[in-house]
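Report on the structure given below.
Throughout, a chain's letter reflects where its sequence line sits, starting with A, and its residues are numbered from 1. Being a predicted model, the structure only gives us computed values, none of them experimental.
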There are 2 protein chains.
Amino acid sequence: MAEGVVTIHDVAREAGVSIATVSRALAGSTTVAAATADRVRRAAAALGYEPNRAARALVTGRGQSVGLVIPDLENPFYSSVAKGMQNRVRAAGLTAIIADTDEDVDREREVLGQLAADVDRMILASPRAADADLLALAARSRIVLINRSLPGVPAVTADNADGIRQAVGHLLALGHTRIGYAGGPATSWSDAERRAGLTVAVDAWRAQDRDVTIVDLGAFRPGPAGGVAAADLAIAEGVTAVLVFNDQLALGLLGRLGERGVGVPEAMSVVGFDDVPVARLLAPALTTVAVPAQRMGAAAVDLLLAEVPPEGAAARVPEPGPRVVPVELQVRRSTAQVPRG
Amino acid sequence: MAEGVVTIHDVAREAGVSIATVSRALAGSTTVAAATADRVRRAAAALGYEPNRAARALVTGRGQSVGLVIPDLENPFYSSVAKGMQNRVRAAGLTAIIADTDEDVDREREVLGQLAADVDRMILASPRAADADLLALAARSRIVLINRSLPGVPAVTADNADGIRQAVGHLLALGHTRIGYAGGPATSWSDAERRAGLTVAVDAWRAQDRDVTIVDLGAFRPGPAGGVAAADLAIAEGVTAVLVFNDQLALGLLGRLGERGVGVPEAMSVVGFDDVPVARLLAPALTTVAVPAQRMGAAAVDLLLAEVPPEGAAARVPEPGPRVVPVELQVRRSTAQVPRG
DNA sequence: TTGAAAGCGCTAACAT
DNA sequence: ATGTTAGCGCTTTCAA
């Protein structure tokens with residue numbers, strides 16, 4: 001009795017049935033007598049039986065795992081995506097394989113190659129890869145995109161344009177007319193969407209004969225360090241408010257503004273994007289566009305599982321939710337009326 | 001020929017050898033003639049052969065993946081652990097399976113059971129499970145603990161006592177004599193270690209005839225919400241400084257102190273633990289004991305792989321580093337001399 | 001409603 | 001140095 005591993009044979013013996021019946025009973029087959037099924041389940045539980053995934057995968061030809069490729073696990077937005085994804089994957093009786101690309105295209109390519117070898121379903125969050133590469137991948141594996149859209153490939157995206165519209169509306173209502181935009185990486189699909197939303201929002205405002213100038217502060221790496229540079233630029237440009245690509249950038253920007261003695265919100269209003277958990281805890285608490293990261297991760301899983309349901313009894317496949325998730329501006333302390341000047 | 005999946009049989013036929021020879025040649029066995037091995041490799045490449053991981057895992061009984069069980073992916077400390085772990089695992093040619101337990105014992109048990117089924121090597125970060133359960137698990141799978149120690153089970157831990165010693169020394173040097181300790185969950189091994197370190201540090205100080213009182217503020221859930229309660233307690237107890245179990249708690253505490261109008265560091269000094277990335281970006285920047293989370297995650301992988309090297313040619317197994325990693329106090333703006341009173 | 005038996009693709013004895 | 005063969009634990013026909 002050195003081996004502690006319980007197999008289907010042990011359960012069969014314990015329940016006094018054949019292994020085929022155990023397999024059927026645990027898979028929830030209707031062709032098993034209720035009493036038998038019950039006995040099997042009880043035996044399995046008593047023995048602490050866990051089906052061997054490798055064996056199951058081998059015979060069904062379909063893996064039990066779902067991959068997630070994200071740019072940076074240390075970015076709270078993506079940790080939240082990962083958390084939501086992971087929870088949903090586990091609830092479906094599958095396992096989540098998470099891979100971090102360090103915000104690097106080459107690393108991403110490498111990771112994608114490795115992952116494709118042992119997973120046939122994956123979720124790519126904000127991939128940097130070219131459209132063509134993504135399309136090629138989609139042809140071989142089932143993939144779902146997060147924060148990126150591509151014809152023919154299922155995706156979950158945030159309503160970026162609407163988020164920017166809300167943010168700009170808020171700033172305009174506070175009287176700001178000279179607003180800086182600190183953008184994300186030039187290759188970012190989300191950034192492109194947000195910039196487009198910005199244009200639309202501004203045009204609408206101008207159509208009402210109202211004045212507003214958007215100052216493009218440039219493209220920054222989406223970490224706090226980028227925010228530092230953005231802060232100096234914002235001060236130099238004389239804007240009274242800054243719209244920031246994401247909260248990570250905003251964090252660095254806020255810190256630098258403090259160092260430079262520029263009070264937030266008295267002298268400068270700041271609006272972030274994402275609403276990462278720490279945003280509300282800052283001093284001043286950050287006004288930001290809340291993106292339901294966990295929900296997006298979960299929604300991507302639903303989308304992935306909707307077409308090709310997984311094996312196994314534990315599998316529950318929820319209906320896929322909306323693909324464009326709504327976002328909502330959280331007004332907090334980092335924004336205020338434009339300073340009288 | 002509808003199926004596009006290449007198996008070892010296809011390669012064998014193409015190379016004109018048996019499947020056993022293909023297996024051996026591809027595994028780099030020395031008992032294969034160089035010419036044959038070459039022919040096999042060429043055939044495999046030509047056909048685009050990728051060994052089926054499920055089949056390999058089934059027969060070897062050893063998987064290609066390493067599991068990581070953590071309390072909360074949204075806690076930046078653990079995202080960092082996960083990032084370090086994941087990078088190292090991938091570098092070794094394996095895949096990382098990450099599972100989140102939501103800081104819940106029952107959920108942890110469930111996750112452990114599921115994970116143990118498809119992984120035979122795992123890393124448990126700050127597990128809440130009882131010693132006996134952990135020992136039982138260690139008997140069946142290869143496990144490495146992070147932030148927990150148990151006789152006979154390999155572990156990577158932070159030098160908690162030394163961290164507390166540094167923190168207390170810093171506070172005492174600033175003249176604080178009434179210091180609060182806001183602890184983590186009662187079941188936390190790290191918290192126990194930190195409390196023990198606290199006692200030692202205080203005793204040493206008293207042995208020099210110096211005065212100091214440690215006020216136990218209680219045990220808190222390690223999220224920002226717990227910090228709010230701790231803040232009120234700290235104020236009520238009239239301490240001039242608070243030592244906090246971790247940065248997440250400190251975040252909530254800082255926010256609440258601000259709301260209550262207690263200035264940090266003028267009226268109250270605060271020291272955190274972990275040095276999560278956001279700690280330095282706060283206003284005031286948080287003085288905290290830096291724990292190298294990524295390095296701990298990587299070290300745990302090294303420890304795990306050191307004894308039973310993984311399958312496959314791509315595997316590289318680094319030497320395990322030290323098991324107790326040093327920590328270092330980062331003095332920032334949240335601590336100052338005791339207020340004159 | 002249940003059982004017997006045939007593999008899934010691979011590795012590891014055991015032969016040769 | 002290479003081939004034959006026996007499973008790994010499971011799902012799924014096919015019979016009974």
Side-chain angles (χ1 to χ4, degrees), chain A residues 3-41 43-44 47-64 93 117-118 120 309-315, chain B residues 2-41 43-44 47-64 116-120 310-313 315:
Chain A
E3 275 310 293
V5 185
V6 180
T7 76
I8 198 171
H9 289 98
D10 301 316
V11 178
R13 192 173 327 110
E14 177 80 10
V17 296
S18 74
I19 61 166
T21 298
V22 173
S23 177
R24 283 186 286 246
L26 264 25
S29 166
T30 52
T31 70
V32 181
T36 311
D38 200 58
R39 193 148 33 91
V40 170
R41 271 191 296 271
L47 267 44
Y49 170 68
E50 283 285 352
N52 180 316
R53 304 220 163 190
R56 177 179 287 176
L58 180 57
V59 62
T60 60
R62 199 123 48 76
Q64 321 294 304
D118 41 83
D120 52 359
E311 304 291 320
Chain B
E3 275 312 291
V5 184
V6 181
T7 77
I8 198 170
H9 290 98
D10 301 317
V11 178
R13 193 174 327 110
E14 177 80 10
V17 296
S18 76
I19 61 164
T21 298
V22 173
S23 179
R24 281 188 287 247
L26 263 26
S29 165
T30 52
T31 69
V32 181
T36 311
D38 201 58
R39 192 147 36 91
V40 170
R41 270 191 297 271
L47 268 44
Y49 170 68
E50 282 284 353
N52 181 317
R53 295 205 164 204
R56 176 179 290 176
L58 180 56
V59 62
T60 60
R62 196 120 52 75
Q64 325 292 303
D118 41 84
V119 152
D120 53 358
E311 305 290 320

Inter- and intrachain pairs under salt bridge (charged side-chain N to carboxylate O under 4.0 Å, His left out), touching residues 6-16 of chain A, at least two apart
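Sorted pair list: A:D10-A:R13.
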I'd like to check the side chain to side chain contact (heavy atoms under 4.5 Å, CB included) partners of [X]; sequence neighbours left out, ordered by chain and number.
X	value
A:I19	A:I8, A:H9, A:A12
A:R24	A:A20, A:T21, A:S29, A:T31, A:V32
B:A57	A:A54

Nearest of C:dA13, C:dG3, C:dT2 to any side-chain atom of A:S18?
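So the side chain of A:S18 is nearest to C:dG3.
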Once side-chain hydrogen bond (donor to acceptor under 3.5 Å, both in side chains) is applied, do any residues pair with B:R53, and if so which ones, sequence neighbours excluded?
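Here the qualifying residues are A:D118.
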Do B:R41 and B:L26 come within less than 4.5 Å of each other through their side chains, counting heavy atoms only?
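Touching, per the 4.5 Å side-chain cut-off.
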Name the pairs: protein N/O against N/O of nucleotides 8-10 of chain D, kept only if under 3.5 Å.
unit_1: D:dC8; atom_1: O2; unit_2: B:V59; atom_2: N; d: 3.4
unit_1: D:dG9; atom_1: N2; unit_2: A:A55; atom_2: O; d: 3.4
unit_1: D:dC10; atom_1: OP1; unit_2: A:Y49; atom_2: OH; d: 2.5
unit_1: D:dC10; atom_1: OP1; unit_2: A:N52; atom_2: N; d: 3.0
unit_1: D:dC10; atom_1: OP2; unit_2: A:I8; atom_2: N; d: 2.5

Over how many whole Å does the gap from B:R24 atom CZ to D:dG3 atom P extend?
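About 8 Å, once rounded to whole Å.
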Rounded distance (Å) that lies between atom P of D:dT2 and atom CG of B:L26
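About 14 Å, once rounded to whole Å.
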Base, sugar-phosphate, or nothing: which does B:A20 touch, judged by heavy atoms less than 4.0 Å apart?
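Base contact.
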Restricting to non-hydrogen atoms, name the atom on B:T7 and the atom on B:Y49 that form the minimum distance, rounded to 0.1 Å.
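For B:T7 and B:Y49, the tightest heavy-atom pair comes out as C-CE1, 3.5 Å.
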For the helix from C:dT1-D:dA16 to C:dT16-D:dA1, measure the angle between the helix axis at one end and the axis at the other, each built from five pairs, rounding to 10°.
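Taking the rotation axis at each end, their angle is 40°.
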Once you round to the nearest 0.5 Å, how far does CG of A:N52 lie from CG of B:L58?
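Going from the CG atom of A:N52 to the CG atom of B:L58 covers 6.0 Å.
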